[in-house]
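Below is one structure, written out as structure tokens; the observations come after it.
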Amino acid sequence: MHNIVCIKQVPDTREVRLDPKTGNLIREGVPSIINPEDKNAIEEALRLKDEFGGTVTVITMGPPQAEEALREALAMGADKAVLIGDRAFAGADTGATSYTLGCAINKLGKYDLILCGREAIDGNTAQVGPQLGEILGLPQITYVRKVVIRKNIIEAERALEDGYEVVSTQLPVLLTVVKECNEPRIAAVADIIEAYREKEVIAWSAKDVDGDKARIGLNGSWTRIRKAAAVKPQKGKVQILEGSVGDVTKTLVAEFNKRNLL
Amino acid sequence: MNFEFTKEQLLIKKMVKAFADSKVAPLADGIDEQCNIPRELLAELKKLKIFGIPYDKKYGGAGGSYFEMVLMIEELSKVSAGLGFFMAVHYLGATAINLFGTEEQKKKFLPRLCSGEAIGSFGFTEADTGSDPKAVTCNAKLVDDGYILNGQKRFTTNGSEPGVLVTFAKTETGVSAFAFDKFQEGYSVSKPWEKMGNRGAETVDVYFNDVKLPSDSLLGQEGKGFGILLRGIAIGKLNMSAISLGLGEASLEEAIKYAKQRIVRGKPIATLPTTQALIANALVLNESSRWMLYRATEMASKGLGDIDYESAVTKLYIAKAIKDSIDYSLQVHGCYGYVRDFKVERMYRDIRLMEVIEGASEVQRVIVASNALK
């Protein structure tokens, strides 16, 4: 079984602070991590490799420092890592990013599964996985929380707001996974040393990916970010209700109704 | 000079921290109370592949350096010094074999030690001798096909764990070092000592009663055991200092957390200059210890300088500095630092070992002063 995992290096938003004056994110000194649900995707690919054998290839599009994310994936057990980086990719929106990843995946050759995290914690669009599935012409199962494979058939549980549904299709397929899917393994120390000293991260430029220039980077993007602003939480007046539980409840319900909150 | 971790070292720190926080922290109080490492945790530690970090890959090691080993022990010790101590003693035995073993001895012992299947230990101390080789009473009698070992070793940490022991005994030509599998015929241990701290690793007395050792158990040359002891514990002192540093950092973190939460007269005590002074004092001691340890470890990793001296200076300083640092952190807690509900109480007990183990601080001073006066 040959599986490809698409990952993204993101700032650890648990460590991000807001500038109290400007409301902007302070990114200096914020550690970079593998996007958490992408880590679940890596784990699922490795779990399937443990079960069925085969290989796991991780791929990312990003700046040179994204190599760190790939090294961690190699330390977790991935066999091959590809870093797609080029100035020509700068400013890519989710569509151009998906197109670029699609071109790279086509160059990688045969595969059984493409795995992505549901969404990245810095953009929260959840678009790259599904767009990539469309570009590659694959069936896709999103929001996956459990995977069972028998022969050439995959059966997956999709997490819904109030339950789950079971979806089945043939391989090859693209999956986007949610955090409930598994608990990503912690890379072993000896494997980290091996990942840094003995394993290779393959670097591909725009030329290597060999896509349509009109569909990559800023030029290939259909969307533009016109403005980003921090939303300042508005503070309302605090009102302390007094009286019996019954009276307080009635007043509270009336107030909620007045504000169309119920 | 380079004061930056490599990307590889940063990832190792991050992963060991993630492991310590998720797998060790929930067990840390139990490790201290019951004075042993739960077997389920040992199985998880094997998966983390931390038992042979600085040794060659051909023996099952990771091919890393002493630096990565020290970082691992520092991170584990932030959460459980008992576990850090267990690992440090494992490395004491394994490193002696790695440094002084023949190719055959390395192939025989290191793969099992590197996988964690065998736990290393190291026995020099006896009931009436600490660092004096002349007072060693254990003896190894040369016979046709090896040696017959008799005697008793005191305070042998991990002596009750299945694995490999490096120990020292008198032979015809002086004190010699031996490496062999524990629990063969004639090997037995006492019940564990009830220790003040570092209670994860069991410390026992070990009894040798006509233990038959094949001739390839001799480590290094006969009569040259004291050199093996000195070099082995030189590396060991780096690991003991790593435990100390981890304890200093963790106790300060606890003190800072407490100082921000504890309200006195309507304000967190972190706003009081007296609290700030305690925190600053602890921080300075931690930082000075950190750089001293990292420098000595980097030198040991690169084979620079006189490691016997460097590790003695390092341990002498750090054992006292971090003892004082934890004392400041405990003081921030007031009486709460004195009760078991707060982690700093355990750390205060744990650190006390470091001024008496692997040569008490008085012995370190002799090494340091001898170097200065030569």
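Protein chains get the first letters and strands the later ones, always in sequence-line order, with residue 1 at the start of each.
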Task: Top contributor to chain A contacts, counting heavy-atom pairs under 4.5 Å, from B:Met72, B:Glu68, B:Lys49 - done: B:Lys49
Open item on the list: For A:Arg87, is the CZ atom crowded, meaning more than 12 foreign heavy atoms sit under 6.0 Å from it?
Closed with: no
Open item on the list: If we ignore hydrogens and angles and just use 3.5 Å, is the side chain of A:Arg197 paired with the main-chain N or O of B:Glu8 as donor and acceptor?
Closed with: no
Open item on the list: Can you confirm whether more than 12 heavy atoms, excluding those of A:Glu242, are under 6.0 Å from its CD atom?
Closed with: no
Open item on the list: Does atom NZ (B:Lys57) have a neighbourhood of more than 12 heavy atoms from anything else shown, all under 6.0 Å?
Closed with: yes
Open item on the list: Quick one, B:Thr6 and A:Tyr196 - any side-chain contact, counting heavy atoms below 4.5 Å?
Closed with: no
- [ ] Start with the C-alpha distance between A:Ile186 and B:Val16, add both sets of side-chain angles, then the distance that settles side chain to side chain contact (heavy atoms under 4.5 Å, CB included), and finish with yes or no.
- [x] CA-CA 8 Å; A:Ile186 294 171; B:Val16 178; over 6 Å; no
- [ ] Kindly compute the distance separating CG (B:Leu11) from CZ (A:Arg71), expressed to the nearest 0.5 Å.
- [x] 11.0 Å
- [ ] Would you indicate whether B:Lys302, at its atom NZ, is surrounded by more than 12 heavy atoms from other residues, nucleotides or ligands within a distance under 6.0 Å?
- [x] no
Open item on the list: Can you tell me how far apart CD1 (A:Ile193) and CD1 (B:Ile53) are? Round to the nearest 0.5 Å.
Closed with: 6.0 Å
Open item on the list: If you count every heavy atom of other residues, nucleotides or ligands that lies below 6.0 Å from A:Glu183 atom CD, does the total exceed 12?
Closed with: no
Task: NZ/B:Lys46: more than 12 non-hydrogen atoms of other groups inside 6.0 Å - done: yes
Task: Part of A:Glu67 within contact of chain B (heavy atom distance under 4.5 Å) - done: neither
Task: Atom CD of A:Glu198 with >12 non-hydrogen neighbours under 6.0 angstrom - done: yes
Task: Heavy-atom proximity to chain A below 4.5 Å, by part of B:Lys47 - done: backbone
Open item on the list: Check this for me: B:Tyr55, atom OH, are more than 12 non-hydrogen atoms of other residues, nucleotides or ligands nearer than 6.0 Å?
Closed with: yes
- [ ] May I have the step-by-step check of side chain to side chain contact (heavy atoms under 4.5 Å, CB included) for A:Glu72 and B:Met15, ending in yes or no?
- [x] CA-CA 10 Å; A:Glu72 185 176 342; B:Met15 289 297 120; 3.2 Å; yes
Open item on the list: On a heavy-atom basis, which atom in A:Ile33 and which in B:Lys14 lie closest, and how many Å separate them?
Closed with: CG2-NZ, 3.8 Å
Task: Heavy-atom proximity to chain B below 4.5 Å, by part of A:Gln65 - done: neither
Task: Spatial distance of atom CG (B:Leu48) from atom CG (A:Asp191) [nearest 0.5 Å] - done: 9.5 Å
